[in-house]
Amino acid sequence: MTQILVRLPGKTILTGEHAAVYSKTVVAATVGLYLYTFAETTDTLLLNINFADLGHSFSFSFDELAFFYESGIESFEHPGEIENLFFKLQKEGKLSITPIENQQLHSAVMVALYLTTSIIPASFKYGITLNIKSSIPLGSGLGSSAAYSAALSSGLLYLSSKFNVNTPMSEIRKLVDHWAFKAEQVVHGTPSGVDNSTVINGGFVKYAKGNPLIQFRSNHSLQFLIVDTLIPKNTKLMVANLNKDYKSGKPGVKESIDEINQISEEFYSTLKNISDNDNLEIAEENLSNLIEENQKKLKFLGVSHESLDKIVSTAKTHGYSAKLTGGGGGGCALVFIPHHKKSNLENVINEIKGLGYIVYKADMGVDGLSMSFSLDNRHSSESFASSSFVDLDEMIKT
Ligand SMILES: Nc1ncnc2c1ncn2[C@@H]1O[C@H](COP(=O)(O)OP(=O)(O)OP(=O)(O)O)[C@@H](O)[C@H]1O
Ligand SMILES: C[C@@](O)(CCO)CC(=O)[O-]
């Protein structure tokens, strides 16, 4: 049987979320929180999906999957059409699965069905089991859906021999990115592609839809706090709502999106040119101001939330700037900590924690897609389920 273990990091958007959807510049970085997928072929002729974090497992027989193949998934104009097909087949009594009330679980199953029936040929001779577990908080703006989409794409592409151990990593990344973007369309409707490209390629990235991704390493270690408001958010809805305002020509919307583009361009050039000993304080002050400006625009665009505003104002009283990161409307905020202002750090952390929010100090700019092929059938869904994240990291390294 064929097995693969895949690991993808989360991401934060430093500047430019939402404007990214309109092909504007966005600056993002990976964060050292990870989603792992262990995928294997089996002799059961079933697609099994085990979601450790959501506490649910699903099974589809190949007879059930045949209905998806027959309905011509490859002719979809938009991958999100999988949802209508799923509801139609369910209504016709062709699927044994009962309705999935939990929206996160529902969209995770849609992605798994879309990717499996698009990547795996109908004539495939084996069953497939996909196991997922993650330390990236779900639905909080840290790219959990991109990591999930990329992890499933990698696993399925490998099991169906679309790449192998000898395929150059640059080719694998490109192939995985192609499918992860389609899966992101299932979850987010009209994503820009920045989330999947960031988590796959790793490091810091500058991205504008339709242009080649620029990957860069800053020679200076930036420090941010990631604050999770624990308020559930819905990126698809936030993107769709803003799009209505954009299309209806609501005053100031287009201008704000253009201004965010300028902010991202300046953030990128400052970050790229920053060095540890050369005008560091001035450069970090500049980054700080750009973050503050970006948040003001995002608030104007209606994608902030009172909990995010509270973090921004709390950070400001301690001399720091902060902004939402990702889809907004809840989820996470970033607080930027310039080196010359570090002395205040514990105070701001304690105050933010006192508001009931979770503070992460994650590494930024970590590697993207990592895989372990050499599992030699030593592993199983059971051993994956009982492995710690540290154990899984060890397997990825070997
Ligand atoms: N550990 C996981 N197990 C199963 N599905 C997951 C997991 N993590 C993410 N997902 C899928 O990704 C979706 C989360 O997408 P959502 O856009 O709401 O959050 P996000 O990706 O964390 O935020 P953002 O897009 O703003 O960065 C879930 O609904 C689910 O479909
Ligand atoms: C809100 C958004 O700009 C970022 C979500 O992480 C959507 C996208 O670019 O796809």
Side-chain angles (χ1 to χ4, degrees), residues 6 8 35 37 39 46-120 122 128-134 136 138-140 143-157 159-160 176-193 195-196 199 232-240 327:
V6 187
L8 269 305
L35 180 140
T37 290
L46 289 173
L47 167 67
N48 296 309
I49 321 162
N50 302 318
F51 296 110
D53 310 295
L54 297 168
H56 275 274
S57 292
F58 295 91
S59 261
F60 293 89
S61 70
F62 273 31
D63 287 345
E64 287 176 297
L65 295 184
F67 294 122
F68 289 87
Y69 287 107
E70 282 160 17
S71 307
I73 278 195
E74 71 281 1
S75 62
F76 280 177
E77 272 180 30
H78 187 283
E81 288 169 41
I82 184 79
E83 195 163 25
N84 292 339
L85 175 57
F86 175 82
F87 289 138
K88 178 174 164 280
L89 293 174
Q90 206 174 33
K91 211 165 155 197
E92 290 169 0
K94 291 179 170 152
L95 305 177
S96 56
I97 187 171
T98 52
I100 310 169
E101 302 295 340
N102 177 323
Q103 184 51 38
Q104 289 182 323
L105 208 48
H106 172 76
S107 74
V109 171
M110 290 309 108
V111 165
L113 284 172
Y114 176 79
L115 288 175
T116 304
T117 53
S118 301
I119 294 174
I120 303 289
I128 288 174
T129 298
L130 302 168
N131 303 277
I132 298 99
K133 71 176 174 190
S134 175
I136 310 172
L138 246 109
S140 56
S144 71
S145 70
Y148 171 69
S149 298
L152 252 54
S153 301
S154 311
L156 292 166
L157 287 163
L159 296 187
S160 56
V176 172
D177 199 39
H178 169 83
W179 286 105
F181 179 64
K182 285 180 176 282
E184 279 283 87
Q185 289 180 298
V186 175
V187 187
H188 286 166
T190 56
S192 64
D195 291 4
N196 46 287
V199 302
K233 57 136 204 70
N234 183 334
T235 300
K236 186 176 184 176
L237 192 67
M238 299 311 280
V239 169

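Residues take their numbers from the sequence shown, with the count starting at 1.
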- How far does NE2 of His188 sit from OG of Ser145, to the nearest 0.5 angstrom? 3.5 Å
- Message: Is the ring pair Phe51/Tyr148 parallel, tilted or perpendicular, if the boundaries are 30 and 60 degrees?
- Response: tilted
- Message: How long is the straight-line distance from CG of Leu89 back to OG of Ser71, given to the nearest 0.5 Å?
- Response: 5.0 Å
- Task: Starting at CG of Asn50, measure out to OG1 of Thr129 and round the result to the nearest 0.5 Å.
- Result: 6.5 Å
- Message: A side-chain contact here means heavy atoms from C-beta on lying under 4.5 Å apart; do Glu83 and Val186 qualify?
- Response: no
- Query: What distance do Lys94 atom NZ and Phe68 atom CZ have between them, rounded to the nearest 0.5 Å?
  - Reply: 11.0 Å
- Does the side chain of Gln185 come within less than 4.5 Å of Pro191's, by heavy atoms? yes
- Item | Which atom of Thr37 lies closest to which atom of Ile132, heavy atoms considered | OG1-CG1, 3.7 Å
- Message: Looking at every heavy atom in both Ala150 and Leu8, which two are closest together, and how far apart are they?
- Response: CB-CG, 3.8 Å
- Which atom of Ala180 lies closest to which atom of Asn196, heavy atoms considered: CB-CB, 3.9 Å
- Closest heavy-atom pair, Ser118 versus Ile73, reported as atoms and distance to 0.1 Å, is OG-CG2, 3.4 Å
- Message: Return the CG to CG distance between Leu35 and Leu152, rounded to the nearest 0.5 Å.
- Response: 8.5 Å
- CZ/Phe58 to CG/Leu47 distance, rounded to the nearest 0.5 angstrom? 11.0 Å
- Item | Shortest non-hydrogen contact between Leu46 and Ser61, atoms and distance | CD2-CA, 3.7 Å
